[in-house]
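The structure under discussion appears below in the form of structure tokens.
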Amino acid sequence: MINNELIDQLVALAVMPVIQIENADDAVKLVEVLSENGLPAAEITFRSTAAGESIRRIRAAFPDVILCAGTVLTIGQVDEAVAAGADFIISPGFNPTTVNYCIENGIKIIPGINNPSQIEQALELGIKVVKFFPAEASGGVNMVKALVGPYNQIKLMPTGGIKPSNVMDYLAVPQVIACGGSWIATTSAIANHDWDTIAKNARDTCQLVHAK
């Protein structure tokens, strides 16, 4: 289960950089840039075959960053992510097989939901921290507010379609602990080694979310 210490870390972070790395050689430099500019964290998505190796290299170089595996769809990916050094797992949907496997093996997971039935499945298993995905396509802030009405014990990490222009609207909801942000380090910026742009995006994001 996600413990209070990790929740506090995510609240302090406010935005989790969501990252798709195509070449593991870029992983360490990327997290160095993020850390130096106020975001010592990364969600490395399993949308590429470089995910596991990227997590392994980041963990070796930065033992203290908040490092999670995203877009985890299978038990095999859970095992790969944990072996590489991920602190916790994030899945886009609520897969009972994957969720139960994580619970049974003491692996922290934030599963994806976007409706009341999935929240009730999570609560039934004792899970109180979930990812709201895809956030904007699923009704955005209004849907978040509607969901936390009957389920005010749930904590949410919205991801999908979130950007600087709307992130503060999500963070204003008390049950939202952090948002996933893919704008900070885009796949193309990483591939092109555009570290200056990534650094600026990280700094600008920190300035925005901590001015609240």
Side-chain angles (χ1 to χ4, degrees), residues 1-11 13-20 41-47 51 66-79 81-82 86-163 166-183 209:
M1 299 296 177
I2 301 298
N3 56 30
N4 289 334
E5 180 183 359
L6 181 53
I7 291 172
D8 290 345
Q9 289 176 328
L10 292 173
V11 169
L13 192 66
V15 174
M16 169 67 74
V18 179
I19 297 159
Q20 178 178 332
E43 175 184 333
I44 306 300
T45 69
F46 269 76
R47 294 187 180 189
I66 303 171
L67 181 60
C68 63
T71 321
V72 173
L73 307 178
T74 66
I75 288 172
Q77 289 176 335
V78 171
D79 288 340
V82 171
D87 294 315
F88 59 101
I89 303 296
I90 297 181
S91 60
F94 196 94
N95 182 331
T97 300
T98 304
V99 172
N100 280 309
Y101 179 81
C102 288
I103 292 172
E104 290 164 3
N105 289 279
I107 299 166
K108 298 180 178 70
I109 183 170
I110 300 179
I113 61 89
N114 75 342
N115 64 60
S117 295
Q118 292 168 339
I119 289 179
E120 293 197 11
Q121 287 182 65
L123 291 173
E124 184 74 14
L125 294 174
I127 293 172
K128 294 185 178 180
V129 181
V130 293
K131 171 181 178 175
F132 179 59
F133 177 83
E136 282 292 284
S138 298
V141 174
N142 287 337
M143 184 62 166
V144 169
K145 291 178 179 177
L147 288 173
V148 299
Y151 306 111
N152 60 14
Q153 72 271 51
I154 208 81
K155 296 186 184 299
L156 298 162
M157 188 171 170
T159 305
I162 296 176
K163 48 196 172 185
N166 62 14
V167 65
M168 296 305 292
D169 296 331
Y170 284 93
L171 292 173
V173 179
Q175 290 84 357
V176 170
I177 58 173
C179 292
S182 58
W183 75 86
V209 299

| message | Just checking Glu124: does its CD atom have more than 12 heavy atoms from other residues, nucleotides or ligands closer to it than 6.0 angstrom? | response | no

| request: Please report the shortest heavy-atom distance between Thr71 and Glu43, naming the atom on each side. | output: N-OE2, 4.3 Å

| message | Are Leu125 and Phe94 packed together at the side-chain level, in the sense that at least one heavy-atom pair is separated by less than 4.5 angstrom? | response | yes

| When rounded to the nearest 0.5 angstrom, what is the spacing between NZ in Lys145 and CG in Leu156? | 13.0 Å

| query | Is a side-chain N or O of Asn115 found less than 3.5 angstrom from the main chain of Ser117, in a donor-acceptor match? | reply | yes

| Distance, nearest 0.5 Å, that separates CG of Asn105 from CD1 of Ile75 | 8.5 Å

| message | Would you say that Thr45 contacts Val18 through its side chain, given a criterion of any heavy-atom pair below 4.5 Å between the two side chains? | response | yes

| said: Nearest 0.5 Å, please: how far is CD in Glu136 from OH in Tyr170? | reply: 3.5 Å

| query | Can you tell me how far CD1 of Ile177 sits from CD1 of Ile7, rounded to the nearest 0.5 angstrom? | reply | 5.5 Å

| message | I need the Phe46 CZ to Gln77 CD distance, nearest 0.5 Å. | response | 5.5 Å

| request: Nearest 0.5 Å please: distance from the CD1 atom of Ile127 over to the CD1 atom of Ile119. | output: 12.0 Å

| query | Considering all heavy atoms of both residues, which atom of Ile154 and which atom of Val130 are nearest to each other, and what is their separation? | reply | CG1-CG2, 3.8 Å

| field | Greater than 12 external heavy atoms within 6.0 Å of Asn152's CG | value | yes

| task | Before giving the answer on side-chain contact (heavy atoms from CB on, under 4.5 Å), spell out for Val144 and Leu147 the whole-Å C-alpha distance, their side-chain angles and the decisive distance to 0.1 Å. | result | CA-CA 5 Å; Val144 169; Leu147 288 173; 5.8 Å; no

| Closest contact, heavy atoms only, Met16 versus Cys68 | CE-SG, 4.1 Å

| said: Could you report the tightest heavy-atom contact between Pro111 and Ser91, atom names first, then the distance? | reply: CA-OG, 3.2 Å

| remark: All heavy atoms of Ile90 vs all of Met157, minimum pair found to be CD1-CE, 4.1 Å

| Least distance between heavy atoms, Ala86 atom then Ala69 atom | CB-N, 4.1 Å

| query | Got a donor-acceptor contact below 3.5 angstrom from the Asn166 side chain to the Val141 backbone? | reply | no

| request: Evaluate the side-chain proximity of Thr159 to Ser182: yes if any heavy-atom separation is below 4.5 Å, no if none is. | output: no

| message | With side-chain contact (heavy atoms from CB on, under 4.5 Å) as the criterion, how do Val209 and Met168 come out once you've worked through the C-alpha distance, each side chain's angles and the decisive distance to 0.1 Å? | response | CA-CA 7 Å; Val209 299; Met168 296 305 292; 4.1 Å; yes

| Sub-3.5 Å donor-acceptor pair from the side chain of Asp79 to the main-chain atoms of Gly76, do we have one? | no

| task | Have a look at Leu10 and tell me which of Val15, Val129, Ile110 forms a side-chain contact (heavy atoms from CB on, under 4.5 Å) with it. | result | Ile110

| Passing option when Phe88 is tested against Leu67, Ile107, Ile109, Ile66 for side-chain contact (heavy atoms from CB on, under 4.5 Å) | Ile66

